[in-house]
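Below is one structure, written out as structure tokens; comments come after it.
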Number of protein chains: 2
Amino acid sequence: MQQDRPEESEAIVEPERFNQARAAQSMAILEDYVEMIGDLIGEFGEARITDIAQRMGVTHPTATKAVSRLKREGLAISRPYRGVFLTDEGAAMAELVRARHRTVVDLLVAIGVPAETAELDAEGMEHHVSDVTLKAFEAFLERATSVSDTIEEAPRKG
Amino acid sequence: MQQDRPEESEAIVEPERFNQARAAQSMAILEDYVEMIGDLIGEFGEARITDIAQRMGVTHPTATKAVSRLKREGLAISRPYRGVFLTDEGAAMAELVRARHRTVVDLLVAIGVPAETAELDAEGMEHHVSDVTLKAFEAFLERATSVSDTIEEAPRKG
DNA sequence: CCGCAAGTGAAGCCTTGGCAACACTTCTGT
DNA sequence: ACAGAAGTGTTGCCAAGGCTTCACTTGCGG
């Protein structure tokens with residue numbers, strides 16, 4: 001019953017994608033928090049633990065712990081009983097994450113996914129979208145947009 | 001500096017997508033193991049802990065623990081020092097996961113993502129693709145396929 | 001048939017990301 | 001000015017998913 005085991009090369013390549021997926025996962029929450037803190041600072045001028053916790057749907061100790069990790073990673077700073085702020089690095093990450101999120105949502109919508117579903121699914125998917133894939137998404141959207149312009153604007157003008 | 005806080009409705013809806021993403025994440029590893037076990041059974045007639053561990057890129061105790069969880073969830077069965085097998089439920093899940101994986105990879109490729117990158121990114125993304133989105137992917141692929149048929153076959157026939 | 005290598009299991013540890021409970025600050029209204 | 005409410009921090013707990021180490025079965029070769 002036992003056939004030959006896969007070649008060495010296969011055996012080594014296979015697990016890599018799982019390792020990569022796991023690595024992406026460990027960044028995912030950090031990215032979510034950074035983006036959220038960026039949003040809050042944009043809206044209120046500061047990000048408070050309670051607000052972060054509420055928006056992330058977790059309790060405040062969980063948010064505190066996450067912020068600790070962000071500080072350890074050099075993405076955020078904070079002083080006791082004061083708000084949380086992003087470092088330059090953190091702000092840059094927030095911007096990238098936000099842009100990627102938009103692109104993923106736009107792509108899903110362009111593919112034909114309902115906007116609300118796109119928003120929900122993008123939240124989980126976005127963290128696994130590599131730079132290469134992101135570029136492909138952008139290129140596709142550009143093509144799709146010009147096509148829909150042709151279709152939608154022609155009658156309007158006519 | 002402090003503006004008004006968001007409306008109640010926003011405050012409640014916001015966290016939902018994170019909760020959903022987290023729930024998907026907790027299923028992700030289960031799905032990966034189930035699919036992998038299905039693959040191994042298909043190839044060798046049985047799935048052994050060592051092989052599962054090797055393919056997943058983890059040590060064997062980790063695989064053992066994962067299998068324990070699968071058994072607890074009713075997706076797999078096993079006896080000490082014997083292989084691991086899927087229940088009907090587990091086999092059904094494996095099939096769904098496999099099909100979804102293929103669809104996601106195909107979609108990425110259709111969008112213009114290099115095959116190898118598509119494979120890597122799909123591994124992480126697939127677990128966050130809802131049924132609605134999957135349906136949209138399938139519909140898009142059907143359209144894209146017929147279009148490329150038109151483009152590719154026309155010159156061939158001419 | 002018996003011993004040793006490979007495979008498996010079990011225990012214990014780490015980190016992460018949740019939680020609740022409790023302690024302490026800050027802020028606010030009287 | 002101060003008491004209570006709201007916000008924040010701390011501590012300790014849990015489960016999951018990693019790991020290493022060690023013990024035990026299995027199964028195969030001599």
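A note on names: the letters A, B, ... follow the listed sequences, proteins ahead of strands, and every chain is numbered from 1.
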Worksheet item: Between the main-chain N or O of A/E126 and the side-chain N or O of A/R100, is there a donor-acceptor pair closer than 3.5 Å?
Response: yes
Practice prompt. Please figure out whether B/I49 or A/Q25 has its closest DNA chain C nucleotide nearer the 5' end.
Written response: B/I49
Worksheet entry | Non-hydrogen atoms of A/L86 and A/I41 that approach each other most closely | N-CD1, 4.0 Å
Worksheet item: Do B/E31 and B/H127 have side-chain N/O donor and acceptor atoms under 3.5 Å apart?
Response: yes
Worksheet item: Taking all atoms of both residues into account, what is the closest heavy-atom pair of A/A47 and A/I37, and its distance?
Response: CB-CG2, 3.7 Å
Discussion item. Restricting to non-hydrogen atoms, name the atom on B/G90 and the atom on B/V34 that form the minimum distance, rounded to 0.1 Å.
Written reply: O-CG1, 3.2 Å
Worksheet item: Base, sugar-phosphate, or nothing for A/Y33, non-hydrogen atoms under 4.0 angstrom?
Response: sugar-phosphate
Fill in: Distance, rounded to the nearest Å, where A/M56 contributes CE and C/dG17 contributes P
10 Å
Item to complete: Tell me which residues in residues 78-87 of chain A put a heavy atom below 4.0 Å from DNA chain D, sorted by number, or none.
Response: A/P80, A/Y81
Worksheet entry | Under 3.5 Å: donor-acceptor pair, side chain of A/T87, backbone of A/G74 | yes
Discussion item. At less than 4.0 Å, is any side-chain N or O atom of B/R22 found next to OP1 or OP2 of C/dG17? Yes or no.
Written reply: no
Which atoms of nucleotides 19-22 of chain D (N or O only) lie under 3.5 Å from a protein N or O atom, and what are those distances?
from: D/dC19; atom 1: OP2; to: B/T59; atom 2: N; distance (Å): 2.8
from: D/dC19; atom 1: OP2; to: B/T59; atom 2: OG1; distance (Å): 2.8
from: D/dC19; atom 1: OP2; to: B/T62; atom 2: OG1; distance (Å): 2.9

Fill in: Nearest heavy-atom neighbours spanning B/M56 and B/Y33
CG-CE2, 3.7 Å
Fill in: salt bridge (charged side-chain N to carboxylate O under 4.0 Å, His left out) partners of B/E95, counting only residues at least two apart
B/R98
